[in-house]
Amino acid sequence: ASQTEVWGYFLFRPVTLPGTDKSVLSVLDSGSNESYRAELATSGKWTCRINGSAPASGTVAAMSTGTTYHVWFHFKNGNGTAVCSVGFSTDGTEPTSGNYFVTKTNGTETDNLASVRIGWEGNTTLEWILDKLRISTSGTLGNNPD
């Protein structure tokens, strides 16, 4: 069913970093239009976009190839209050601010959220391993979710 807010978590291990910034995770509305996007940059930093807008400034910290990371995301629709955020850590502790966290707010995205897409657009050299994907519509999944 369509939702107004979604939280998620997954384990992520980059084998290579992308040649250009690429979408790893998108949330689509009921018309299969992209509402939100979490991107991994060529530098290994994460960023967010709301409804095709310019991306937020990326995380200060960057991922390295060959390391397994815990990744959390949150998307919320709203007119001027939309939120897209991504955080990551190596120890399973969910960041909500600081160098391992990025958020974009005050976007306009009012369509309900209907599906989550894992993957990226176009050809790229980005390779990664993803495990333990968890999705919630009732709140954050917290530290080290099972």
Side-chain angles (χ1 to χ4, degrees), residues 1-29 34-78 80-109 111-146:
S2 292
Q3 303 292 320
T4 58
E5 199 162 7
V6 63
W7 293 262
Y9 164 87
F10 56 91
L11 291 176
F12 186 81
R13 182 181 180 113
V15 177
T16 63
L17 293 173
T20 59
D21 298 358
K22 291 296 178 184
S23 172
V24 173
L25 176 82
S26 300
V27 177
L28 309 178
D29 64 21
E34 186 177 78
S35 298
Y36 301 90
R37 176 189 290 194
E39 294 179 333
L40 186 62
T42 58
S43 63
K45 297 179 180 185
W46 284 88
T47 192
C48 290
R49 291 179 189 261
I50 299 174
N51 199 10
S53 66
S57 297
T59 56
V60 173
M63 289 186 164
S64 299
T65 58
T67 301
T68 300
Y69 297 93
H70 303 259
V71 179
W72 294 262
F73 60 89
H74 176 220
F75 304 106
K76 176 183 176 187
N77 68 8
T81 59
V83 175
C84 172
S85 63
V86 177
F88 69 96
S89 74
T90 56
D91 65 3
T93 302
E94 179 183 13
T96 56
S97 64
N99 292 345
Y100 295 85
F101 182 82
V102 63
T103 192
K104 182 165 182 128
T105 58
N106 294 325
T108 299
E109 180 54 58
D111 291 328
N112 280 344
L113 313 174
S115 61
V116 175
R117 177 176 57 199
I118 306 293
W120 59 90
E121 76 290 347
N123 295 323
T124 182
T125 58
L126 173 64
E127 293 180 50
W128 42 266
I129 299 167
L130 185 134
D131 197 8
K132 294 189 177 184
L133 175 64
R134 307 288 189 263
I135 305 287
S136 171
T137 57
S138 60
T140 184
L141 294 159
N143 298 332
N144 292 305
D146 287 332

What's the spacing between [X] [atom1] and [Y] [atom2] if we round to 0.5 Å?
| X | Y | atom1 | atom2 | result |
| --- | --- | --- | --- | --- |
| K104 | S53 | NZ | OG | 3.5 Å |
| L141 | R134 | CG | CZ | 8.5 Å |
| T108 | I50 | OG1 | CD1 | 8.5 Å |
| R37 | K22 | CZ | NZ | 8.5 Å |
| Y100 | T93 | OH | OG1 | 12.0 Å |
| L113 | E5 | CG | CD | 9.0 Å |

Q | Qualifying residue, where the test is side chain to side chain contact (heavy atoms under 4.5 Å, CB included) with S85 and the options are W72, F101, F75 | A | F101
Q: Run through T67, T65, T68 and flag the one making a side chain to side chain contact (heavy atoms under 4.5 Å, CB included) with R13.
A: T68
Q.
Just so I know, are the side chains of I135 and Q3 near enough to count as touching, which here means a heavy-atom distance under 4.5 Å?
A. no
Q.
If you define the side chain from C-beta out and look only at heavy atoms, does anything of C48 sit under 4.5 Å from F73?
A. no
Donor-acceptor under 3.5 Å ([X] side chain, [Y] main chain):
| X | Y | value |
| --- | --- | --- |
| R49 | Y36 | no |
| W7 | S138 | no |
| T47 | A56 | yes |
| S89 | H70 | no |
| D21 | T42 | yes |

Q.
The criterion is side chain to side chain donor-acceptor pair (under 3.5 Å); which residues satisfy it with T140, sequence neighbours excluded?
A. E94
Q) Does the separation of the ring centres of F12 and W46 fall below 6.0 angstrom? A) yes
Q: Verify side-chain contact (heavy atoms from CB on, under 4.5 Å) between Y9 and L11, making sure each step is shown before the conclusion.
A: CA-CA 7 Å; Y9 164 87; L11 291 176; 3.3 Å; yes
